[in-house]
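A short write-up of the structure that comes next.
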Amino acid sequence: MDTALTLFRTIPQEKKNAISWTTIISGYVQAGMNKEALQLFHEMQNSNVPPDKVSLASALSACAQLGALEQGRWIHSYADKARISIDSVLACALIDMYAKCGDMEEALGVFKDVKKKTKSVQVWTALISGYAYHGLGGEAIRRFTEMQKTGVKPNGITLTAVLTACSYTGLVEEGKSVFYTMERDYNVKPTIEHYGCMVDLLGRAGLLDEANRLVQKMPMKANAVIWGSLLKACQIHRNIELGERIGEILIGMYPNHGGRYVHTANIHAMGGKWDKAAETRRLMKNKGVVKVPGCSTISLEGTTHEFVAGDRSHAEIEIIRSKWRTVRRRLEENGYVPELEDVLLDLADDEEREAIVHQHSEKLAVAYGLMKTKPGTTIRIMKNLRVCKDCHKVMKLVSKIYKRDIMMRDRTRFHRFRDGKCTCGDYW
DNA sequence: ATAGGGTTAG
């Protein structure tokens with residue numbers, strides 16, 4: 001990307017057109033450098049080249065990955081104002097952006113505005129995927145059925161979305177039925193992604209042996225995603241022995257990935273094997289591998305506020321920490337007891353474990369949200385890792401006691417908290 | 001035929 005940007009910078013201003021701008025923007029998106037992509041999109045708007053529909057689709061993709069709802073909305077209204085028609089590709093990008101930014105209502109609104117003949121399999125798939133990671137499995141299946149009634153045939157990606165929906169919602173029988181008939185009914189041969197969905201579906205549901213057997217008999221070699229899915233299932237269902245074996249396989253496959261060491265150390269710790277857990281963490285340290293820190297963001301009036309556990313760089317950090325203590329007291333008055341089983345560290349007592357969970361970034365983010373937004377507003381939080389049991393519990397309680405809807409996007413899916421309940425049904 | 005774009009499992 002550095003070389004590409006340097007070259008792009010050598011193009012004289014008057015020779016830059018929508019295509020050269022879009023090439024560099026989509027390059028950044030494909031490299032996962034979404035902030036840089038939006039920065040360049042912004043620069044493009046200040047130049048004399050107006051963005052066309054391809055530029056918008058690329059920028060929307062960056063917004064989707066960042067969870068940048070406000071900027072995504074702006075692009076949507078820009079398309080309307082510039083009379084850029086919403087074709088299949090732009091519709092897809094818009095639906096995906098709204099869904100990944102937590103606004104399924106608006107995603108559905110875009111979908112409904114798309115003319116029937118423009119509703120490509122991709123457009124349907126974008127909507128179904130949205131329902132999947134919002135934990136709305138029934139809705140995903142309903143749309144899948146509806147899609148077929150309109151004569152649109154699913155492709156491999158559509159089926160991945162449907163299986164993900166089944167997995168996240170615990171629809172084991174429905175998922176199995178789709179998986180075992182997909183080749184016959186839709187002429188789509190299961191790929192590693194479909195096997196991945198099935199391993200996840202079975203593993204989450206506690207059918208670990210069945211999941212493991214599927215990994216053994218599938219026609220391709222298991223990759224890190226498959227093993228990771230099985231490892232997570234071992235953790236949820238406390239299968240220490242299998243988990244330890246898989247953890248070793250994963251570390252062997254990717255010795256530079258910090259998350260694998262942490263996960264494996266956690267499995268050892270879950271089984272009470274503190275020496276093995278320490279050994280895994282030591283190995284990680286010796287190799288100079290670092291864990292990605294947990295980070296939560298909340299956007300308020302166009303500014304994104306970022307929180308990392310233990311980090312005090314936010315200008316209002318002391319007020320925010322104090323607000324969290326107030327929230328915590330109020331939750332405690334309403335029966336909140338910390339959930340400490342995810343703190344798999346060799347600590348002397350639970351007090352130390354409590355101190356750890358109370359530093360988690362999403363708690364600071366929600367405290368800040370309560371401070372800065374009006375009652376009745378939905379609090380939207382984005383997190384780069386999965387949410388821990390305690391933070392999940394806290395979000396449920398805050399939604400009830402403070403009468404606030406909370407929308408939280410974690411590494412893989414959405415949690416929507418309302419009146420003490422979460423749309424994931426505690427199945428995550 | 002003719003630059004750049006969307007949906008995908010832990």
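Below, read A as the first sequence line, B as the second, and so on, with proteins coming before strands; counting in each chain starts at 1.
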Exercise for the section: Using a heavy-atom cut-off of under 4.0 Å over every strand shown, decide if A:Ala161 touches base, sugar-phosphate, or nothing. Expected result: nothing
Practice task
Select base, sugar-phosphate, or nothing to describe what A:Ser120 touches, counting heavy atoms under 4.0 Å on all strands.
Solution key: base
Exercise for the section: Check whether the ring centres of A:Phe144 and A:Trp124 lie less than 6.0 Å apart, and answer yes or no. Expected result: no
Practice task
Kindly state whether the ring of A:Tyr168 and the ring of A:Trp428 have centres lying under 6.0 angstrom apart.
Solution key: no
Exercise for the section: For A:Thr125, report the nucleic acid contact type (base, sugar-phosphate, nothing); a contact means any heavy atom under 4.0 Å. Expected result: base
Exercise for the section: Report which part of the nucleic acid A:Val123 touches: base, sugar-phosphate, or nothing (heavy-atom distance under 4.0 Å, all strands). Expected result: base
Problem - Non-neighbouring partners of A:His392 that pass side-chain hydrogen bond (donor to acceptor under 3.5 Å, both in side chains), sequence neighbours left out - result: A:His415
Exercise for the section: Remember a base hit wins even if backbone is also touched, and classify A:Gln30 as base, sugar-phosphate or nothing at under 4.0 Å, heavy atoms. Expected result: sugar-phosphate
Problem - A:Lys400 atom NZ: more than 12 heavy-atom contacts under 6.0 Å - result: no
Problem - A:Ala367 to A:Ile320 - nearest heavy-atom pair and separation - result: CB-O, 4.1 Å
Exercise for the section: Looking at every strand, decide which applies to A:Ala224 at a 4.0 Å heavy-atom threshold: base, sugar-phosphate, or nothing. Expected result: base
Problem - Nucleotides bounding contact with chain A, strand DNA chain B, heavy-atom threshold 4.0 Å - result: B:dA3 to B:dG10
Handout entry: Ring center gap for A:Tyr368 and A:His305 short of 6.0 angstrom
Key = yes
